[in-house]
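A quick write-up on the structure given underneath.
Keep in mind that this is a model prediction, so the values were computed, not measured. We name chains A, B, ... by the order of the sequence lines, and we start the count at 1 in each one. Hydrogens, waters and symmetry mates are skipped; everything else that's a heavy atom, side chains included, is used.
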Amino acid sequence: MLASRGEKVFVGVITGLLILLSVVALVPLVSVISTSLSSKSAVDMNLVTLWPKQFTLDSWKYIVDRPDLWKSFFLTLSTTVIGTVLALLMTALFAYPLSKPEFRWGSVIMMAVVVAMIFKAPIIPYFLTVRGIGLYDNPLVLVIPHILNPFNLIIMRTFFKQFSKELEEAAFLEGCGYFRMLFQFVLPLSKAVLATLALFYGVVLWNQFQHPLLFLQDTNWFPLQIKIRQFITDDSVIMAGASSTMSLNYNERTLRAATVIFAIVPIVVVYPFLQKYFVKGAMIGSVKG
Amino acid sequence: MKSIASHQMKLYWPLYVMAIPGIIFLIVFKFIPLAGAVIAFKDYSVFQGFIDSPWVGFKHFETLLQHPDFLNVFSNTLLLGLFKLTIVFPVPVLLALMINEIRKSALKKGIQTALYIPHFLSWVIVGGILFDFFSLSGMFNIILGWFGAEPVLAMQESAYFRPIYVLASIWKDAGWGTVVYMAAISAIDPQLYESAMIDGASRIRQIRHITFPILLPTVLVLFLLDIGNFLDLGFDQVYNLLTPMTYNVGDILDTYVFRTGIQQGQYSFATAVGLFQSVIGFIMVYTFNKLSNKVSDGGLW
Amino acid sequence: MSFKKVGLFLAASALAVTAVTGCNGNENNSAGNANANQNQASNGDQVVDIEVWGTNIGYQPVTKGSKLYEFYKEKLGVGVINPYVEWNGGTNYLNQLNLKIAANEMPDLFVPQQGLEDSLAKNGAIVDLTELLPKYAPNVWKAIPEDIWKVVKANDPTGQGRIYYIPNVVEYGRYAGLIRQDWLDKLGLKMPKTQDEYVKVLEAFRDKDPNGNGQKDEIPTGGREQVRWMDHLFAMYGVAMFEGYPDWDIYDGKLTYSAVTPNMRAALEFIAKLYKEGLIDKESVLNSKDKWEGKIQSNKVGNYFHWVEQGNLVFENLYKNTGVKAEFSVLPVPEVAGYKGFYTMKKFASPLWVVKNNKDQEKLMATLKLLNNVYDKKNWKDLFLGVEGMHYTMKDGKAIKLPDDKSTQENQILNPATSISTLDLTIDLFNSTVSEDSKWAIDQVTRNMKEAQKYAKVIAGDGMPASVYDGFPDINNRTLYAEYAAKIIIGQYPISKFDEFVEKWNKSGGEEVTKRAREWYSKVQQ
């Protein structure tokens with residue numbers, strides 16, 4: 001490596017700055033974790049700022065012992081995986097023609113997609129429509145409404161548009177149809193954007209609560225976020241004759257913190273795995289202009 | 001004419017087939033429900049339904065425009081929207097370019113992950129954390145104390161609201177925003193850098209002449225998409241940072257419509273405000289798309 | 001290829017959409033199915049299931065065959081299904097309820113929100129209870145006092161003096177300022193009687209280290225965000241106020257919104273002075289519920305305002321946190337020359353139940369039967385206790401309530417202890433279900449509950465329907481008030497700004513609302 005001294009300083013400064021920013025980004029998370037590991041009293045007295053006080057695992061024991069939380073955990077995991085796969089397929093199929101100038105409906109549809117992204121349907125007609133296609137109290141509602149997102153579609157189309165034209169022309173000459181083209185050449189070379197969109201879709205599917213709240217009655221199908229909202233929404237409806245909580249070593253605040261961590265850990269650990277595609281997908285792309 | 005069209009279809013039919021599922025999805029999940037937005041021009045009642053509720057023309061839009069606080073609410077919304085586009089939007093681009101300069105893979109991944117974690121904390125949680133941070137015993141006042149300054153309860157000061165809003169947006173979503181850009185950067189042919197290095201181009205020159213130009217179409221598209229949601233600042237974020245003391249700078253269309261429409265079950269009014277935001281957003285996208293088509297081919301349509 | 005399947009599915013779905021949205025006015029789509037199921041059950045002279053919607057802040061739903069379902073079935077003779085509907089301050093609940101109504105699936109018995117009962121009654125969606133209650137639910141009829149029914153009739157949105165809902169009734173004063181008696185004793189102070197004495201006490205709390213930790217960390221008094229839960233400071237000026245919401249009472253001989261009276265001006269001026277002198281918490285208008293309770297429960301706060309009957313939780317947590325068995329007494333409303341102070345009491349909290357105008361007579365009758373049995377005094381204690389092992393446990397032959405646990409407890413949707421409470425009943429429930437360990441705390445609570453009655457006054461605006469605010473949500477939300485009050489208190493605005501607030505308030509709809517409120521009041525007076 002023949003990096004000059006100036007460059008070393010340049011990289012050094014950037015690295016330092018980024019590490020500092022990372023710390024700033026992580027501090028609140030640390031404080032949430034600390035809350036979940038502190039005793040009821042310490043949290044109650046507002047003693048916890050950064051590190052756990054009166055360390056205890058009681059909140060976590062409570063969370064981990066809840067079978068219904070695990071059930072919704074696995075439910076959410078599977079709907080996320082299934083939904084993401086379907087969503088990538090749907091999006092790729094739609095984005096590919098939209099990236100082709102020879103697709104005549106392209107600009108009309110693109111405008112429609114943008115309209116669909118900007119205009120939000122009022123809740124009642126949306127509810128009645130989705131109900132109308134039989135998704136009311138149907139677990140499919142955890143997947144189907146999420147398998148195409150206009151924003152993600154546009155991103156994928158943008159990537160496809162930058163795809164090397166020479167490569168495609170060569171493939172066409174060999175008699176490749178559009179379907180084979182998409183599945184055999186374009187998609188395998190688009191791992192970076194696929195990984196990105198998998199993340200985007202996955203996060204939405206993982207974090208969803210609006211659809212299940214609106215459409216599901218059967219609590220067996222409730223995903224994780226609804227369970228968590230039961231802790232987070234701070235409804236101060238007061239019950240008369242509330243009973244003693246003296247014996248417990250957790251309270252709403254420690255449980256809230258623990259559930260929040262419980263729910264973000266799985267989605268956070270996914271990212272480093274997806275990152276490898278960002279490096280290895282580095283094949284396509286021709287510089288324009 | 002006809003023969004050209006049919007010739008087109010014969011050659012390109014697979015493209016049309018591919019698009020069908022997506023088109024159906026958009027119709028079912030977006031456009032059919034969107035037709036229900038007619039209630040913005042009606043006095044919708046759940047008992048009478050879409051068809052039988054009476055037409056009222058632009059009544060709800062007039063109510064919005066004639067509200068004594070409308071100008072204040074609208075300018076608050078515009079201002080925060082503007083800050084979002086000019087200050088918050090470029091940060092992920094910058095971050096992505098910076099992260100890309102780190103060559104140690106483990107460190108790079110670690111930083112990326114750390115930066116994107118805040119995205120997963122909901123605004124309720126982040127709001128709580130911020131109120132803690134700015135409380136009398138919070139970090140902010142401790143740091144002020146080091147410099148001998150009097151404590152400030154920033155969350156109840158109007159002057160602090162906008163800076164806090166902007167910084168909180170950056171803190172929460174800038175790392176997340178880099179994901180797309182990192183993907184775009186990774187698509188760059190490494191040979192380009194190698195040849196640039198042989199030519200003796202410095203790091204900064206490489207960024208300017210290789211990385212950034214390749215990133216540009218993506219930046220442009222995301223910018224266009226952001227403009228579409230210009231007035232749609234995200235209810236949760238503002239709501240969780242707002243106090244009565246900061247209403248005068250922080251009350252925006254979303255919080256206003258929450259209080260006066262959604263909380264009260266006033267669907268027609270809420271829909272009218274939504275349409276108002278969307279139409280302005282669409283006009284903005286349309287205009288900027290025209291512009292960007294003129295200067296490059298990176299437009300949306 | 002799987003995308004074809006997806007495509008097929010979507011195509012089929014699209015057809016279904018057009019089919020269904022095309023016949024929206026058609027009743028009983030899937031409601032019909034639900035009915036069919038339930039009718040089967042009732043054919044064999046079984047119990048009828050009815051769907052009940054109400055407040056649920058995160059407990060488990062009551063589903064067919066669940067423990068609480070069986071409990072209600074046995075006690076009340078009716079099957080109660082209470083699905084989980086997120087409450088979220090009532091906003092999400094109202095939304096879901098509207099969606100259900102739009103889909104023609106209104107629950108059989110439910111809590112209306114934000115004045116929804118108005119449009120429900122006007123559209124004939126809920127049943128007129130005027131004749132039905134005395135006939136089929138005499139217990140409800142008898143349990144609620146005559147004068148309250150009178151208000152309900154005056155509130156009839158159709159203007160015909162009919163009864164459309166069963167109200168929430170509280171027959172005693174629930175709120176008071178609570179003051180650290182042990183601090184007073186330690187500092188050799190008497191319970192303050194006048195405002196001057198009260199301020200002296202607050203100063204002593206601030207300066208004389210009553211908690212004895214050697215630090216000047218005491219917070220004499222304070223409140224919570226949105227200018228709430230500091231009603232005791234307003235109370236001495238005769239400001240009608242409900243949990244921080246200004247309310248309606250007679251000022252200058254007329255029904256008036258307390259926020260725009262000279263009483264409010266004087267109260268704000270006083271509170272601003274306390275703030276300046278550090279006699280109320282510097283974070284009084286920022287404290288979240290957690291934060292403020294945390295301060296009280298870490299032995300720092302001398303005086304706070306809340307539900308008297310919730311005190312035991314505070315005392316116990318304080319004890320657990322700091323080892324101090326604090327003693328709290330009711331703060332008598334301090335006297336201020338020229339004002340007549342009181343703690344606001346509202347007997348008539350809000351509409352509680354409305355009954356669907358059911359075509360299905362059997363269901364309607366079952367709903368009325370359910371209400372009748374819920375309001376039957378002999379069931380109250382059982383309904384309060386709930387299911388053994390889930391909501392309470394037996395200890396030394398005594399039923400003791402278990403701590404809240406949202407993961408296991410089903411939602412006690414029918415609990416007369418919260419909806420038709422009397423002082424005697426509540427005290428009795430406390431005394432009969434207290435464990436030995438909590439007795440010291442409960443004893444304080446019951447003593448204070450009795451004491452608080454001395455200062456409670458029913459305000460003239462008690463029972464006013466939400467419909468007077470129609471079209472003026474910001475008045476209902478007291479948006480403007482909260483902004484001005486908060487800024488005056490923390491000194492960002494001088495008190496002279498109060499007059500600007502009154503003017504703005506009147507202009508932005510206050511005048512109209514006042515007119516409606518007075519019309520309503522004259523109707524109640526008849």
So for [X], is it side chain, backbone, both, or neither that comes closer than 4.5 Å to the heavy atoms of chain B?
| X | answer |
| --- | --- |
| A:Ala257 | neither |
| A:Leu274 | neither |
| A:Ile155 | side chain |
| A:Lys100 | side chain |
| A:Val11 | side chain |
| A:Ile123 | side chain |

Report the option among [options] that has the most heavy-atom pairs separated by less than 4.5 Å from atoms of chain B.
| options | result |
| --- | --- |
| A:Ile118, A:Thr196, A:Val32 | A:Ile118 |
| A:Val113, A:Val27, A:Thr15, A:Ile124 | A:Ile124 |
| A:Val23, A:Leu26, A:Leu148 | A:Leu148 |
| A:Val108, A:Leu199, A:Val193 | A:Leu199 |
| A:Val114, A:Thr49, A:Leu182 | A:Val114 |
| A:Thr158, A:Ile14, A:Leu18 | A:Leu18 |

Which atoms of [X] come close to chain A, meaning under 4.5 Å heavy atom to heavy atom: side chain ones, backbone ones, both, or neither?
| X | result |
| --- | --- |
| B:Val285 | side chain |
| B:Leu130 | neither |
| B:Thr271 | side chain |
| B:Ile39 | side chain |
| B:Ile111 | both |
| B:Val46 | side chain |
| B:Tyr286 | side chain |
| B:Ile262 | neither |
| B:Phe120 | both |

Close side-chain approach of [X] and [Y], heavy atoms under 4.5 Å:
| X | Y | value |
| --- | --- | --- |
| A:Glu7 | B:Ser202 | yes |
| B:Phe269 | B:Val273 | yes |
| A:Phe94 | B:Phe25 | no |
| B:Gln206 | B:Met197 | yes |
| B:Ile207 | B:Glu101 | yes |
| B:Asn100 | B:Lys108 | yes |
| B:Trp171 | A:Pro28 | yes |

>> Show the nearest heavy-atom pair for residues A:Ile267 and B:Tyr116, with the distance to one decimal.
In response: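 Where A:Ile267 meets B:Tyr116 most closely, the heavy atoms are O-OH, 3.3 Å.
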
>> Looking at every non-hydrogen atom in both residues, tell me the closest pair between B:Trp301 and B:Asn293 and how far apart they are.
In response: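 Taking every non-hydrogen atom into account, O-ND2, 2.8 Å.
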
Of the listed residues ([options]), which shares the most heavy-atom pairs with chain A below a 4.5 Å separation?
| options | result |
| --- | --- |
| B:Leu121, B:Asn229, B:Val180 | B:Val180 |
| B:Ala184, B:Gly274, B:Ser135, B:Gly281 | B:Ala184 |
| B:Ala174, B:Gly138, B:Pro118 | B:Pro118 |
| B:Gln277, B:Met98, B:Met139, B:Met182 | B:Met98 |
| B:Ile129, B:Val179, B:Leu115 | B:Val179 |

> Atom OH of B:Tyr181 and atom OG1 of B:Thr211: how far apart are they, to the nearest 0.5 Å?
Replying inline: 14.5 Å

> Can you tell me how far the CG atom of B:Leu222 sits from the CD1 atom of B:Ile227, to the nearest 0.5 Å?
Replying inline: 11.5 Å

> Will you find, in the side chains of A:Tyr201 and A:Thr91, an N or O donor that is under 3.5 Å from an N or O acceptor?
Replying inline: yes

> Between the side chains of B:Gln112 and A:Tyr271, is a donor N or O closer than 3.5 angstrom to an acceptor N or O?
Replying inline: yes

> Can you check side-chain contact (heavy atoms from CB on, under 4.5 Å) on B:Phe41 and B:Leu275, steps first, answer last?
Replying inline: CA-CA 10 Å; B:Phe41 306 97; B:Leu275 269 187; 4.0 Å; yes

> Mind checking whether A:Tyr126 and A:His211 have ring centres under 6.0 Å apart?
Replying inline: yes

